[in-house]
Amino acid sequence: MKKWMLIDGNSITYRAFFAMPPLTNSSGMQTNAIYGFTTMLLKLLEEHKPTHIMVAFDAGKTNFRHEQFEEYKAGRQKTPPELSQQFPLLKDLISAFGIAQYEIAGYEADDIIGTLTAKADQQEIETLVISGDKDMLQLASSNVTIAVTRKGVSEVELYSPATIEEKYGLTPQQIIDLKGLMGDTSDNIPGVPGVGEKTALKLLHQFPSVEEVIANLDAQKGKLKENLTNHQQSALMSKQLATIFREVPLELTEEDIVYNGYEPAKLAEQLAKLEFKSLLERLDVTASSGSSEADAKQALSELTIHHLSEQSLDISKLMSALAEEDAKHGLYIEAIGENPHHASLEGIAIAVGDQVYVMQHHLLDTEELAPFKQWLADESIPKYGYDLHKAELVLHWHGIKLGGSYFDVQLAAYLLDPTDGNQLLHTIAERHSLYGLPSDDEVYGKGAKLKLPEQSKLFEHLAVKANIVRQLAPKLDEELEKTSMRSLYYDLEGPLSRILARMEQQGIKVERAELEQQGVELEAALKHITSEIYELAGTEFKISSPKQLGEVLFEKLGLPAKKKTKTGYSTDAEVLEELAPYHPIVPHILNFRQLAKLQSTYIEGLLKEVREETGHIHTYYRQTIAATGRLSSQFPNLQNIPIRLEEGRKIRKAFIPSEPGWSILSADYSQIELRVLAHISGDERLKDAFIHNHDIHTKTAMDVFGVTADQVDSNMRRSAKAVNFGIVYGISDFGLSQNLGITRKEAAQFIEQYFSVFQGVRKYMDDIIAEAKEKGYIVTLLDRRRYVPDIHSSNYNIRSFAERIAMNTPIQGSAADIIKLAMVRMNDELQKRELSSRMLLQVHDELVFEVPPHELETMKQLVPQVMAEAIKLDVPLVADVSYGDSWYEAK
DNA sequence: TGAGTCACG
DNA sequence: ACGTACGTGACTCAA
């Protein structure tokens with residue numbers, strides 16, 4: 001038996017959009033309407049098992065109703081961009097479901113559906129119409145049932161002619177008359193003033209149609225009669241507007257809307273793209289069909305897994321497979337622990353073709369596995385893997401060398417979308433329609449519950465990972481090609497990952513005694529301050545608890561509360577500085593905070609990270625975290641060692657060369673971000689300032705205030721400096737006013753003044769936002785990409801944030817590109833010149849080396865030169881160099 | 001685990 | 001009328 005299902009796509013999507021919470025995918029795009037639509041569709045499919053389905057959409061802005069009534073649907077809120085963005089993806093998803101969709105210029109979805117139900121009536125086909133709009137009730141018949149959504153889209157209410165009769169006492173055709181009389185504000189259909197649903201029903205129970213009501217006006221009285229008399233035309237026109245047109249010239253046959261079910265692979269791909277994980281699981285759709293468990297089994301069954309052990313060490317097949325001309329492998333090194341310098345090595349898996357070999361690392365010391373160990377170390381063999389940077393470090397600490405250029409799927413995935421946080425292998429896999437890999441959390445548990453499964457299970461998991469890596473590598477390579485980021489990967493990030501690993505293995509020597517001595521002094525000072533604070537407060541409390549501190553300051557001592565946080569009073573440095581004049585306790589608090597920070601984070605924190613054996617601190621640079629392309633540093637973070645205040649700066653005295661007589665040499669770019677801005681904006685004045693090597697903040701002050709160099713006082717320079725910072729961050733008057741402690745108006749004037757002088761910069765800011773809107777992403781000098789979906793948001797705050805990101809990322813990101821380039825070049829130079837100086841640290845615009853005495857002269861000249869020449873810009877790049885016996889002296 | 005705070009570029 | 005400067009990581013407290 002045939003059963004048609006006809007869905008009003010626009011109406012359902014609207015309902016879903018407003019009914020569902022604002023679900024977004026990882027790139028920030030809202031997907032709630034699609035989600036709502038999909039859950040509803042699934043429910044309907046299950047409950048009604050249709051043989052034919054069609055989803056109808058409105059096409060174009062106007063239709064024939066506008067010719068009848070210009071004001072039709074006027075005054076409607078514009079469709080929010082968060083919703084209109086969802087339509088293309090929704091349409092893709094409907095296709096993936098194997099469901100027909102249709103739209104035709106000049107008609108609305110109702111008309112398409114009306115035309116089809118007319119056919120259904122002719123041929124007596126059982127049909128279900130789904131809409132969020134009660135107008136559709138006019139289509140009900142003995143064959144056609146109307147389902148109207150309730151409570152968002154999770155439930156529907158079914159209407160047959162009988163239920164319509166029961167509820168309204170009307171026939172389906174009279175629904176049109178009902179609307180003719182009462183109108184419809186959402187479509188701007190006027191109807192008759194003063195006539196709502198109740199009155200309209202009463203009238204229609206008296207006379208069966210608008211025409212009859214009008215013909216019998218004398219039966220009414222008072223205001224109602226007057227309104228009906230004066231608005232006869234309106235009522236008739238409204239009726240006409242509300243009438244669904246049932247003779248649309250459809251180029252659509254019954255054949256076209258047959259529903260044969262969906263292809264799981266196609267559907268899974270779309271659902272994965274939308275990141276509808278729960279639906280993926282619920283549907284049990286995967287690329288290979290069946291449940292995710294079945295999928296995991298399939299992923300395994302396609303593989304032959306060799307668990308190497310003392311009893312089976314034959315790798316001759318593996319080695320010959322790896323040696324084949326275009327053999328593609330996948331390498332997976334499993335380490336447990338976030339810090340690669342301390343992580344445990346749980347297993348090594350390598351996939352070639354459909355064969356996977358898994359082993360514990362200690363087997364590499366056997367004679368039989370020597371060829372594989374050598375293969376791992378071979379610098380001339382490229383490796384395809386996942387997070388090989390971490391793997392190299394973990395292997396290093398286990399006495400195993402990993403060499404060769406890397407193609408790293410994690411790093412590639414990061415470049416393809418640097419905002420996408422973790423880049424977990426199973427997420428990358430699903431995004432590329434490879435299913436069956438459970439997440440590490442599922443296999444290992446997380447947090448306190450972390451526990452490795454028995455070895456055969458663990459090895460199976462590693463085998464699947466290695467195999468997934470093998471399959472992913474070419475796909476990601478292709479995507480890099482499509483997004484013009486191949487060069488960024490192969491010439492910059494790939495080589496850099498190996499350089500970073502080397503810097504991390506080397507570490508930087510730290511003099512424990514220096515830190516310990518400073519710690520003792522801090523301890524004494526803190527003790528002293530603590531007792532003074534208790535005395536002034538008249539009570540003892542936890543000074544480092546913002547909650548307790550707030551209570552003491554604002555309740556006990558009655559100081560004026562300035563700012564509030566979500567949880568209570570704000571007590572940050574900005575607030576405390578303002579409070580300083582009110583009470584002598586305040587400066588002590590500030591002092592306590594400063595010293596406590598030094599003690600806990602920099603003295604105790606760093607001491608914990610010094611390796612017993614070497615006396616070195618080994619940080620871990622993360623290459624796949626920062627959305628702008630910068631590095632980040634962990635365990636410990638060596639990119640935020642104090643420098644601004646002398647007390648903290650002393651920490652740097654503990655960072656020393658690893659060999660006696662050597663020096664620490666540091667070189668940092670001067671104003672790299674503003675120079676990058678001068679280059680990419682092409683602003684003549686800004687370029688000119690750098691070409692003539694002016695002090696940029698003074699020059700800005702001169703230009704903005706229209707004065708000569710000697711008229712610029714320190715206050716003017718300070719303001720100009722803040723404006724320059726603001727420009728780099730994507731300026732706002734509020735931000736600048738906060739920073740300078742001036743009014744918003746004054747800040748706005750500064751900004752306007754700045755832009756009127758630096759017109760090229762203004763144009764850059766406007767253009768980059770336009771570009772972000774048009775393309776959906778912005779790029780850096782080396783084609784690094786960042787998507788900014790929020791640029792279309794209708795929410796002012798969200799959109800403004802996206803705009804600042806669009807302005808800032810090309811600047812910060814290009815600066816990151818440049819210093820990374822300098823690192824690769826510097827590494828080449830050190831090798832080529834056979835220098836024994838070592839690159840140790842990177843701090844965004846600074847490179848730190850340790851240098852033997854006889855290379856000092858060379859390095860003093862070479863490092864700034866390589867940094868300055870890393871890239872050719874329209875303005876010169878300048879790097880300043882300094883050196884000394886510790887990082888402190890290298891200033 | 002999240003919030004608040006603060007260190008850096 | 002709204003409320004923000006851009007990018008990070010580590011520590012402490014209090015649920």
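We name chains A, B, ... by the order of the sequence lines, and we start the count at 1 in each one. Just so we're clear, the structure is a prediction, and the values are computed from it rather than from any experiment.
Residue contacts shown for A/Leu598 are absent, as no nucleic acid heavy atom lies under 4.0 Å away. Looking at heavy-atom distances under 4.0 Å, A/Gln812 makes contact with a base. Across all strands, A/Val728 comes closer than 4.0 Å to no nucleic acid atom at all (heavy-atom distances). Residue-level contact check: A/Leu631 touches neither bases nor backbone, having no heavy atom under 4.0 Å from any strand. Residue contacts shown for A/Ile811 are absent, as no nucleic acid heavy atom lies under 4.0 Å away. Within the nucleic acid shown, A/Gln548 comes within 4.0 Å of sugar-phosphate atoms alone, with no base atom in reach, counting heavy atoms only. Residue-level contact check: A/Ser544 touches the backbone only, with heavy atoms under 4.0 Å from sugar-phosphate atoms and none from bases. Using a 4.0 Å heavy-atom criterion, one finds that A/Asp668 contacts no nucleic acid atom at all. A/Thr571 comes within contact range of the sugar-phosphate backbone alone, with a heavy-atom separation under 4.0 Å but no base atom that close. Residue A/Arg593 is in sugar-phosphate contact alone, with no base atom involved, counting any heavy-atom pair closer than 4.0 Å across all strands shown. Within 4.0 Å of A/Ala722, counting heavy atoms only, lies at least one base atom of the nucleic acid. In this structure, A/Ala596 reaches neither bases nor backbone, as no heavy-atom distance under 4.0 Å exists between it and the strands shown. Note on A/Asn640: a base of the nucleic acid sits closer than 4.0 angstrom, heavy atoms only. Within the nucleic acid shown, A/Ala815 has no heavy atom closer than 4.0 Å to any nucleic acid atom.
Rounded to whole Å, the separation between the P atoms of B/dA3 and C/dT4 comes to 14 Å. Across the C1' atoms, B/dA7 and C/dG3 are found 26 Å apart, a figure rounded to whole Å.
Positionally, the nearest nucleotide of DNA chain C for A/Tyr796 lies more toward the 5' end than for the other of A/Tyr796 and A/Leu606.
Counting only residues at least two apart or on different chains, the salt bridge (charged side-chain N to carboxylate O under 4.0 Å, His left out) pairs with a member in residues 732-754 of chain A are A/Asp733-A/Arg744, A/Glu752-A/Arg762.
Here A/Glu540 pairs with nothing under the salt bridge (charged side-chain N to carboxylate O under 4.0 Å, His left out) rule; sequence neighbours left out. Partners of A/Glu493 under the side-chain hydrogen bond (donor to acceptor under 3.5 Å, both in side chains) rule, at least two apart in sequence or in another chain, are A/Gln623, A/Arg784, A/Lys820.
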Query raised in the report: Can A/Leu450 and A/Ile336 be said to form a side chain to side chain contact (heavy atoms under 4.5 Å, CB included), step by step?
Result: CA-CA 10 Å; A/Leu450 188 117; A/Ile336 300 294; 3.7 Å; yes

Query raised in the report: Would A/Leu488 and A/Thr780 satisfy side chain to side chain contact (heavy atoms under 4.5 Å, CB included), going step by step from the backbone distance to the final call?
Result: CA-CA 11 Å; A/Leu488 179 65; A/Thr780 66; 5.9 Å; no

Requested in this report: Apply side-chain hydrogen bond (donor to acceptor under 3.5 Å, both in side chains) to the pair A/Glu514 and A/Gln518, showing each step before the final yes or no.
Outcome: CA-CA 6 Å; A/Glu514 173 67 35; A/Gln518 290 188 28; 2.8 Å; yes

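What you find for A/Ala870 and A/Arg825 is that their closest heavy atoms are O-NH1, 2.8 Å. Minimum interatomic distance between A/Gln842 and A/Ile819 (heavy atoms only, all atoms of both residues): NE2-CG2, 3.4 Å.
With values rounded to the nearest 0.5 angstrom, A/Lys699 atom NZ is found 10.5 Å from A/Phe690 atom CZ. In this structure, OG in A/Ser570 is found 8.0 Å from CG in A/Leu576, a value given to the nearest 0.5 Å.
In this structure, A/Arg630 pairs ionically with A/Glu673, as a charged nitrogen and a carboxylate oxygen lie closer than 4.0 Å.
First and last contacting nucleotides of DNA chain C toward chain A (any atom under 4.0 angstrom from a heavy atom, 5' to 3' order): C/dC2 to C/dA15. The footprint of chain A on DNA chain B, defined by a heavy-atom cutoff below 4.0 Å, extends from B/dA3 to B/dG9.
Of the options A/Val881, A/Val848, A/Leu847, a side chain to side chain contact (heavy atoms under 4.5 Å, CB included) to A/Leu665 is made by A/Val881 and by none of the others.
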Requested in this report: Let me have DNA chain C in dot-bracket notation, would you? Count Watson-Crick plus G-U wobble pairs, both distances under 3.5 Å, and use [ ] for pairs crossing earlier ones and | for inter-strand partners.
Outcome: .....|||||||||.

